[in-house]
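All remarks here apply to the structure that follows.
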Amino acid sequence: MSREKTYSTDGAAKELGISKSTLLRWFRQKRIEDVKRDRNGWRVFTSADIKRIRKVL
């Protein structure tokens, strides 16, 4: 059973080449749609989320 790679907020920001604070600000400003969260309330980014956000850049 293959699971898709996921990223934390910090990891996603690094993949996108932006700072974590910029990524979080974009969520607050509704510039990008929020992603799913795990059972602890932490954001979990998939490769598809990274691609979707990259299009906004």
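Here R3 contributes atom CZ and T6 contributes atom OG1; the two are 7.5 Å apart, rounded to the nearest 0.5 Å. Note: L57 CG to W26 CH2 = 4.5 Å, rounded to the nearest 0.5 Å. Atom CD of residue E4 and atom CZ of residue F45 lie 13.0 Å apart, to the nearest 0.5 angstrom. Between I18 atom CD1 and R54 atom CZ the span is 10.0 Å, to the nearest 0.5 Å. One distance of note links OG of S19 with CZ of R25; it measures 6.5 Å at 0.5 Å rounding. Here OG of S8 is found 7.0 Å from NZ of K20. Values are rounded to the nearest 0.5 Å.
Tracing side-chain contacts under 4.5 Å through hydrophobic residues (I, L, V, M, F, W, Y), one never reaches W42 starting from L23; they form parts of separate clusters. V44 and I50 are members of different hydrophobic clusters when ILVMFWY side chains are connected at heavy-atom separations under 4.5 Å.
Taking every heavy atom of both residues into account, A12 and Y7 meet most closely at N-CB, 3.8 Å.
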Is there a side chain to side chain contact (heavy atoms under 4.5 Å, CB included) between I53 and E33 once you walk through the steps? CA-CA 8 Å; I53 294 168; E33 188 179 325; over 6 Å; no

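Figure legend: R43 and F27 shown as a cation-pi pair, the cationic atom lying under 6.0 angstrom from the six-membered ring centre and within 45 degrees of its axis.
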